[in-house]
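Only one structure is covered here, and it is reproduced in the block below.
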Amino acid sequence: MNPIYNFSAGPAVLPREVLQQAQNEMLDWQGCGMSVMEMSHRGKEFMSIIETLENDLRELASIPRNYKILFLQGGASSQFAMVPMNLLRGKKNADYIVTGQWSSKAAQEAQRYCTVNIAASSESASFTYAPKQNTWQINQSAAYLHYTTNETIGGVAFNWTPELSENSDIPLVADMSSDILSRPLDVSRYGLIYAGAQKNLGPAGLVLVIIRDDLAGDALPGTPTLFDYQVHIDNASMYNTPPTYAIYITGLVMKWLKQQGGLAVIEQMNIRKAAILYDLIDNCDFYHCPVVRSDRSRMNIPFTLKNAALDATFLNQTEANGLIQLKGHRSVGGMRASLYNAMPLEGVVRLVEFMQEFADKHG
Ligand SMILES: *Cc1c(COP(=O)(O)O)cnc(C)c1O
């Protein structure tokens, strides 16, 4: 049977080796006689799983000691509320950069708690670029500045890290749900980073939060206990039962990333995979990607066919050829190929070969 390549935006492809190891350990984790799903989250077996995950992640992303790592639930969407609830710290407003649907949603949710200043937006250009920092209208009294490093639906990425001025103490907050660990990152530039796991880290059900420790501990009055970062810090993500199986699989993904050579090696591979697909799209007038070149995502590549009447044929034939989940987001249509860390190079090569043949035949 030919292999299947899964281009889903999320939940998304996981490394085959990880799934195989999980399969091998499904009934009996390392000779303890239990499945990870059956373990007490406070038992020594699971404690070793979560501690190993934290250590591996800290090592892979060079996370400094004064940053806490939290393993929470509620998806990245819960962070849209949890960020203002915790980071306003007596202030009345926050800045947001809006580059697509996810950052729009984050800004909208924050409006329930504070005055939101849209410091920059590419909405008038249908979210096809990431505004340069010298155009941002930053409010110096903002409690924090939020942006989305990679817009999963529109395929717009910040391929640079904002540099808030030396004498500004506005913490930078980033939703990295769809590109975290796709390249090296400098955590010390951020106050808080969050990411739903189901794009580039592991299965759904887990959301990762990396927070500079001085930012927690001053949540809005009335903040639910489970929405208070300090509670999770004080309880090492065990205030309530954490999503144990998702944590276990994410731990296996960290081991896999280390085996690949770490984030610098993964980045080179991601650059290569994305370049193969963008080259075809740009060199063939049958396909089109609307995003400005410098701001294109390596993770989520949206594209349209010159003739939209062929969309259904394209999707049927890709699927018949083992290239699945290429349909674009329902709000934008067209196609989207997600090339997360776990997408092998061969998958992209197969897709590009198919697309070339399809264009030759129908162009
Ligand atoms: C998927 C996604 C979200 C929402 O994640 P949920 O886990 O469904 O809440 C938020 N931000 C970005 C960038 C995403 O890709």
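For ligands, and for the atoms within them, numbers begin at 1 and follow the listed sequence. Because the structure is predicted, anything quoted here is derived from the model rather than measured.
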Does N150 reach ligand 1 with a nitrogen or oxygen that is under 3.5 Å from one of the ligand's nitrogen or oxygen atoms?
-> no
What closest approach, in Å, do F158 and P131 show between heavy atoms, and which atom pair accounts for it?
-> CE2-O, 4.0 Å
Short list, please: which atoms of ligand 1 are under 4.0 Å from a heavy atom of T152?
-> 12 (C), 13 (C), 14 (C), 15 (O)
Looking only at side chains, do N24 and Q20 share a donor and an acceptor under 3.5 Å apart?
-> no
Answer yes if the side chains of Y287 and D282 hold a donor-acceptor pair under 3.5 Å, and no otherwise.
-> no
Would you call A76 a ligand 1 contact, heavy-atom distance under 4.0 Å?
-> yes
So is V207 close enough to ligand 1, meaning a heavy atom under 4.0 angstrom away?
-> no
Donor-acceptor side-chain pairing of E151 and S103 below 3.5 angstrom = yes
Strictly by modelled atom types, are Q21 and E17 linked by a side-chain donor-acceptor pair under 3.5 Å?
-> no
Please determine if K199 forms a cation-pi arrangement with W102, meaning its NZ or CZ atom is less than 6.0 Å from the six-membered ring centre and no more than 45° off the ring axis.
-> yes
For ligand 1, is there an N or O atom under 3.5 Å from any N or O atom of S78?
-> no
For Q198, counting its heavy atoms only, list the atoms of ligand 1 lying under 4.0 Å from any of them.
-> 5 (O), 6 (P), 7 (O), 8 (O)
Which of the atoms in ligand 1, numbered in the order shown and given with their element, are less than 4.0 Å from a heavy-atom of F80?
-> 10 (C)
Would you mind telling me if ligand 1 is within reach of the side chain of E151, the backbone, both or neither, using heavy atoms under 4.0 Å?
-> neither
Just by distance, with hydrogens left out, do Q73 and S78 show a side-chain donor and acceptor under 3.5 Å apart?
-> no
Measure the distance from atom 14 (C) of ligand 1 to every protein heavy atom, then report the residue, atom name and distance (to 0.1 Å) of the closest one.
-> K199 NZ, 2.9 Å
For atom 11 (N) of ligand 1, find the nearest protein heavy atom and state the residue, atom name and distance (0.1 Å precision).
-> D175 OD2, 2.6 Å
For S77 and ligand 1, does the shortest N/O to N/O distance drop below 3.5 Å?
-> yes
Got an N/O contact under 3.5 Å between G74 and ligand 1?
-> no
State whether a side-chain donor-acceptor pair under 3.5 Å links N341 with R183.
-> no
Examine ligand 1 and decide if any of its atoms is less than 4.0 Å from a heavy atom belonging to M176.
-> no
Under 4.0 Å from a heavy atom of G75: give me the atoms of ligand 1 that qualify, with their elements.
-> 7 (O), 9 (O)
Contact summary for L145 and W136, nearest pair of heavy atoms = CD2-CZ3, 3.9 Å
